[in-house]
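This report refers to the structure that appears directly beneath it.
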Amino acid sequence: MPELPEVEVVRRGLAEWVEGRTIETVEIRHSRAVRAHLPGAKDFSARLLGRTIAKVNRRGKYMWLTLDDEQAVVVHLGMSGQALVQPLDAEPEKHLRIRFTFTDGQSSMHFVDQRTFGGMRVDELVETDHAEKVPVSVAHIARDPLDENFDPNLFVKKLRTKNTEVKRALLDQTLMSGVGNIYADEALWRAQIHGATDASTLKVAKAQELLRHATEVMTEALAQGGTSFDFLYVNVNGESGYFSRGLNAYGRENEPCPRCGNLIIREVFMNRSSFSCPKCQPRRKSTLTR
DNA sequence: CCTACCACCTGTAAGC
DNA sequence: TGCTTACAGGTGGTAG
């Protein structure tokens, strides 16, 4: 599951089901799922056996299971990862990559990932601003707009210094995290900005408005359990979210724009699809210097 | 330093 | 019915 709302849905589920539980067994069924753990799969398991999960945290699209003040298990879902809470006797899913059981003998945690772009690693925690600790591999990720210490003015400032297109900047997780292809298109539609607009040409007020829309659309999506087009995007109980019905542009090529009725178009940008309304979000001539 | 590109995978749907 | 091509909620490494 990918963007902030979907990851937060999973984080909440894990917080409910695994916080306070002690890991009894770790089964790695596909080494690629722990490829980011450089000391290897054996070391990964060894570091987890007998450890208790204190808390489940998130920044942007990254989650981590905090073990203590020094260490955490980073969980990244990539394009197709799922974290599921399953009964002990559940049939292994086709793409089950990692399985944890706990000493209470209750349910197990399954990390399922069709495309294996996601994975887990055990990481040291390092201190960031506001005396907060994050895993080393998450330290380069900016705070997301649902983070109480997120600084809107800092984001607006960074956005406006970028010599690139605004959609590319929205997807840059070092400016603000959590936004992916769906919510970038939805925020741009709400703000009536074409994604190819030079980020540096946005007025402060327009940049603030764009940020507000990004925050609002992700908050609304979270309240609906996230966006699911299929069973790849589900919560820890395997249930889909309902926000796909709240999308105004993403995936709606040739459908009328809910605001003006013109047909939504699809364009290829950064080797992926972008959806926009040609009337509400007119493309302007770029002055990007390259 | 900054920005742009694409490889990394598996599965599905559409086109011929 | 195949076979081929395009595409899918992300990102890290690297080339320029």
Side-chain angles (χ1 to χ4, degrees), chain A residues 1-10 29-38 58-63 74-83 93-97 111-121 123 136-142 144 158-187 195-196 198-200 214 217-218 221-222 224-235 240-244 246-247 249-254 266-275 286 288-290:
Chain A
M1 275 218 177
E3 306 179 47
L4 186 154
E6 294 77 33
V7 178
E8 175 60 14
V9 166
V10 174
R29 299 172 61 106
H30 196 311
S31 60
R32 218 182 115 73
V34 291
R35 69 193 180 286
H37 187 81
L38 299 180
R58 182 188 57 75
R59 173 173 289 192
K61 304 169 195 171
Y62 289 84
M63 292 183 286
V74 177
V75 181
H76 191 259
L77 301 174
M79 286 287 269
S80 54
Q82 304 173 338
E93 295 83 355
K94 182 172 183 188
H95 300 296
L96 177 60
R97 309 304 190 193
F111 180 76
V112 177
D113 189 5
Q114 177 195 105
R115 294 174 73 181
T116 66
F117 288 174
M120 293 192 199
R121 60 184 282 173
D123 242 358
V136 176
S137 58
V138 181
H140 66 294
I141 301 295
D144 62 66
K158 283 186 188 170
L159 177 70
R160 298 180 68 249
T161 62
K162 278 287 179 180
N163 180 32
T164 193
E165 301 94 335
V166 63
K167 179 165 178 182
R168 201 183 287 277
L170 279 178
L171 294 173
D172 183 343
Q173 306 294 301
T174 69
L175 262 53
M176 161 171 86
S177 64
V179 176
N181 206 34
I182 292 181
Y183 300 110
D185 278 5
E186 292 301 308
D198 306 355
S200 60
V217 72
M218 291 197 292
L222 175 57
Q224 299 293 311
T227 300
S228 310
F229 299 125
D230 51 45
F231 282 99
L232 233 42
Y233 302 93
V234 294
N235 67 15
S240 295
Y242 296 101
F243 194 68
S244 59
L247 300 176
Y250 187 88
R252 305 218 171 276
E253 185 180 17
N254 292 327
R266 173 182 171 273
E267 296 171 295
V268 175
F269 176 68
M270 294 171 70
N271 277 326
R272 52 211 315 214
S273 295
S274 285
F275 299 89
S286 174
L288 282 175
T289 51
R290 290 266 152 74

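For the numbers below, each heavy atom of this structure counts, side chains included, while hydrogens, waters and symmetry mates do not.
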Requested in this report: Over all heavy atoms of both residues, which pair between A:D185 and A:S273 is shortest? Give the atoms and the distance, please.
Outcome: OD2-O, 4.0 Å
Query raised in the report: Minimum heavy-atom separation for A:E186 to A:V217, with atom names?
Result: CB-CG2, 3.9 Å
**Report entry** Any donor-acceptor N/O pair under 3.5 Å between C:dA8 base and A:R115 side chain
**Finding:**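 A donor-acceptor contact between them is present.
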Measuring only between side-chain heavy atoms, which start at C-beta, is [X] closer than 4.5 Å to [Y]?
X	Y	result
A:L222	A:V9	yes
A:L171	A:M270	yes
A:R58	A:V10	no

Look at all strands and tell whether [X] reaches a base, only sugar-phosphate, or nothing, counting heavy atoms closer than 4.0 Å.
X	result
A:Y183	nothing
A:R35	nothing
A:D113	nothing

Query raised in the report: Would A:K162 and A:D172 pass as an ion pair if we require N to O under 4.0 Å?
Result: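 The answer is yes: the pair qualifies as a salt bridge.
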Query raised in the report: Can you tell me if OH on A:Y242 sees more than 12 non-hydrogen neighbours from other groups inside 6.0 Å?
Result: no
Query raised in the report: On a whole-Å scale, what distance lies between the P atoms belonging to C:dT11 and B:dC1?
Result: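 Per the computed distance, 23 Å lies between those P atoms.
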Query raised in the report: Strictly by modelled atom types, are A:T227 and A:Y183 linked by a side-chain donor-acceptor pair under 3.5 Å?
Result: yes
Report task. Ignoring the backbone of A:T164, work out which of B:dA4, B:dT3, B:dC8 is nearest its side chain. Result -> B:dA4
Query raised in the report: Within the pair A:K162 and B:dT3, is there a side-chain N or O less than 4.0 Å away from OP1 or OP2?
Result: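 Yes, A:K162 has a side-chain N/O under 4.0 Å of OP1/OP2 on B:dT3.
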Requested in this report: Would you please confirm or rule out a distance under 4.0 Å between OP1 or OP2 of C:dA8 and any side-chain N or O of A:S273?
Outcome: yes
Query raised in the report: So A:M176 and A:L170, side chain to side chain contact (heavy atoms under 4.5 Å, CB included) or not? Walk me through it.
Result: CA-CA 7 Å; A:M176 161 171 86; A:L170 279 178; 4.1 Å; yes
Requested in this report: Take atom NZ of A:K158 and atom P of B:dT3, then tell me their distance rounded to the nearest Å.
Outcome: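 Roughly 12 Å, once rounded to whole Å.
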Requested in this report: In whole angstrom, give the distance that lies between atom CD of A:Q82 and atom P of C:dG10.
Outcome: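 Atom CD in A:Q82 sits about 15 Å away from atom P in C:dG10.
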Report task. Mark up nucleotides 11-16 of chain C, 5' to 3', with B wherever a protein heavy atom is under 4.0 angstrom from a base atom, S wherever such an atom reaches only the sugar-phosphate, and - elsewhere. Result -> SS----
With the criterion being N/O to N/O and under 3.5 Å, what pairs connect the protein with nucleotides 11-13 of chain B, and how long is each?
from, atom 1, to, atom 2, distance (Å)
B:dG11, OP1, A:K94, NZ, 3.0
B:dG11, OP1, A:H95, NE2, 3.1
B:dG11, O4', A:Q114, OE1, 3.3

Report task. Evaluate side chain to side chain contact (heavy atoms under 4.5 Å, CB included) for A:M79 paired with A:D113, printing each intermediate quantity in order. Result -> CA-CA 8 Å; A:M79 286 287 269; A:D113 189 5; over 6 Å; no
Query raised in the report: According to the Watson-Crick and G-U wobble definition with distances under 3.5 Å, which dot-bracket string, read 5' to 3', encodes DNA chain B, using [ ] for crossing pairs and | for pairs with another strand?
Result: .|||||||.|||||||
Query raised in the report: Please walk me through it: do A:H76 and A:K61 pass side chain to side chain contact (heavy atoms under 4.5 Å, CB included)?
Result: CA-CA 7 Å; A:H76 191 259; A:K61 304 169 195 171; 4.2 Å; yes
Report task. Between A:N271 and A:T161, name the one whose nearest nucleotide on DNA chain B is closer to the 5' end. Result ->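 Whichever sits nearer the 5' end wins; that is A:T161.
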